[in-house]
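To start, the structure itself, in structure tokens.
For reference, positions follow the sequence shown, starting with 1.
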Amino acid sequence: MDITLFLMLFGFVLAAYSIIANDTIQTLGTFLSSNSHRPWWILWIFIATIFTAVILYGWYSSGHIVDGQFIGDVAYDRLSKFPVPENFTWLLVLPPLIILLLTRWGIPVSTTFLVLTVFAPTNLEKMLTKSLLGYVVAFGASIILYLLISKIIEEKFIKSKPHEINDLPMHWIVLQWLSTAFLWSQWLIQDLANIFVYMPSRELSGIYVYGSIAVIWVMLGYIFYTRGGAIQGIVNSKTNVNDVRTATIINLVFGLILLFFKEMSNIPMSTTWVFLGLLAGREIALSITLHHRTMNDTAKNIGFDIAKAFFGLAVSVAIAFSFPILSEFLN
């Protein structure tokens, strides 16, 4: 194995773990919180199975035969504007390392900006525009929805006794797991590009596909074993997210928003910003209708999350635009 291929595969492994660990709060945070009483390995097998289905579907649906070998795109055409670098250096491995450190500190950095911008800085404006639009749409949709349903639904959920939540009818459990599967699949379609950008080709053969599936199964197992790690605190700080019924609604709304933006264009976007917009709109609506906390406290909570997101954006931009200078200096 030559040094370039080694660096690519090493970057892939780092990206796979750091990105999934950081973005766990978006897609699996409410699932982890509301199913904390269940064995971790049951949740792991369920989520890993959905992951495998999404990967294989994308691969087979886009696949074709080249020189007698079946190859396909597992990133759902999200990397069409991000070609494999002609000169792949160790500097390209730095973004997932930074993500790993920020995740340890509980900072929900946008992995899309931090990783993909380094590979193609010229696409930053389009990704940023789509991501900001995603935040605004999620924020607005969430406020409208929760202003309408808070008094009817959320207030009832919040007032439920602990034993009533644990004894929910089976249909709520089924709905939550289905909504989680839907959201997880939509997130994967959006964010697989952030991981597979490190692969040596945009269309992969079976050995790379099945090998990556095995690697990510192990990583997901560790993430579920540790119950999401420090980054999970952002979800746990929000109102009543450990309720299965609340988690179901959040997952469904978030998944539908990602589906909307998936159909809009194949430009990658920050799902982190969409998620933070969704939670922000929900917290404001609940403060207005249920008065469960003061608007000042809600604003501080939201502002802290936004500050973290913009910190991640600043880091991403700094790395992306300093990369050519640093690369030239080292050469």
Side-chain angles (χ1 to χ4, degrees), residues 4-24 26-28 44-85 88 92-93 95-96 99 111-112 114-120 123 127 180-221 223 255 258-259 261-271:
T4 298
L5 181 57
F6 172 79
L7 284 174
M8 287 181 171
L9 296 181
F10 182 60
F12 167 80
V13 172
L14 283 177
Y17 176 72
S18 61
I19 289 170
I20 293 176
N22 185 279
D23 289 353
T24 296
Q26 304 171 26
T27 52
L28 307 178
W44 166 51
I45 291 175
F46 174 72
I47 291 300
T49 300
I50 301 299
F51 162 77
T52 304
V54 172
I55 286 281
L56 292 180
Y57 176 79
W59 186 51
Y60 279 114
S61 63
S62 65
H64 54 279
I65 304 295
V66 176
D67 296 329
Q69 189 175 38
F70 185 88
I71 61 174
D73 176 17
V74 301
Y76 289 81
D77 199 36
R78 292 295 189 275
L79 291 175
S80 59
K81 295 179 174 61
F82 297 84
V84 178
F88 194 100
L92 289 170
V93 181
I99 293 171
T111 57
T112 300
L114 195 51
V115 172
L116 295 184
T117 304
V118 174
F119 283 84
N123 290 326
M127 291 191 296
T180 298
F182 170 63
L183 171 58
W184 176 232
S185 66
Q186 295 306 308
W187 178 86
L188 286 170
I189 291 173
Q190 286 284 354
D191 278 29
L192 281 174
N194 304 348
I195 300 172
F196 283 89
V197 70
Y198 282 95
M199 281 294 184
S201 174
R202 296 300 174 246
E203 292 186 314
L204 303 175
S205 61
I207 188 172
Y208 285 110
V209 174
Y210 293 116
S212 65
I213 289 174
V215 168
I216 293 177
W217 264 74
V218 173
M219 293 176 179
L220 285 171
I223 290 170
L258 291 185
L259 176 62
F261 281 100
K262 176 179 73 72
E263 298 300 324
M264 175 185 291
S265 73
N266 64 353
I267 295 292
M269 67 183 296
S270 172
T271 52

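Residues Phe46 and Ala181 share a closest heavy-atom pair of CZ-CB, 3.9 Å. Closest approach of Ala193 to Leu116, counting heavy atoms only: O-CD2, 3.9 Å. Across Ile216 and Ala16, no two heavy atoms sit closer than the pair CG1-CB, 4.0 Å. Of all heavy-atom pairs spanning Leu204 and Trp59, the tightest one is O-NE1, 2.8 Å. The two residues Glu203 and Ser201 make their nearest non-hydrogen contact at O-OG, 2.8 Å. In plain terms, the two heavy atoms of Thr112 and Pro268 that are nearest each other are CG2-CB, 4.0 Å.
Between the CD1 atom of Ile99 and the CG atom of Leu14 there is a distance of 10.0 Å, given to the nearest 0.5 Å. If you take CZ on Phe82 and CE on Met127, they are separated by 4.5 Å, rounding to the nearest 0.5 Å. Between atom CZ of residue Phe182 and atom CG of residue Leu258 there is a gap of 8.0 Å, rounded to the nearest 0.5 Å. Within the model, atoms OG1 of Thr271 and CG of Asp191 stand 3.5 Å from one another, a figure rounded to the nearest 0.5 Å. The distance from atom CD1 of Ile195 to atom CG of Leu188, rounded to the nearest 0.5 Å, is 7.5 Å.
Side-chain atoms of Leu28 and Ile20, non-hydrogen and from C-beta on, never get closer than 4.5 Å to each other. Using a 4.5 Å heavy-atom threshold, the side chains of Thr180 and Ile50 count as separate. Contact check for Lys262 versus Leu259: side-chain heavy atoms found under the 4.5 Å cut-off. The shortest distance between side-chain heavy atoms of Ile267 and Asn123 does not fall below 4.5 Å. Contact check for Phe88 versus Leu5: no side-chain heavy atoms found under the 4.5 Å cut-off. Contact annotation: the side chain of Phe196 never approaches that of Val209 to less than 4.5 Å [non-hydrogen atoms, C-beta and beyond].
With sequence neighbours left out, Thr52 forms a side-chain hydrogen bond (donor to acceptor under 3.5 Å, both in side chains) with Trp217. With sequence neighbours excluded, the residues forming a ring-ring contact (aromatic ring centres under 6.0 Å, His included) with Phe119 are Tyr198, listed by chain and number. Partners of Thr49 under the side-chain hydrogen bond (donor to acceptor under 3.5 Å, both in side chains) rule, at least two apart in sequence or in another chain, do not exist in this structure. The side-chain contact (heavy atoms from CB on, under 4.5 Å) check on Val84 picks up Met8, Arg202, with sequence neighbours excluded.
Within the structure, side chain to side chain donor-acceptor pair (under 3.5 Å) contacts touching residues 207-216 (residues at least two apart or in different chains) are Tyr60-Tyr210. For residues 74-83, the pairs satisfying side chain to side chain donor-acceptor pair (under 3.5 Å) are Asp77-Asn266, Ser80-Asn266, with sequence neighbours left out.
Around CD1 of Ile207, the count of heavy atoms belonging to other residues, nucleotides or ligands within 6.0 Å does not exceed 12.
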*Step-by-step side chain to side chain contact (heavy atoms under 4.5 Å, CB included) determination, Val215 to Tyr17*: CA-CA 9 Å; Val215 168; Tyr17 176 72; over 6 Å; no
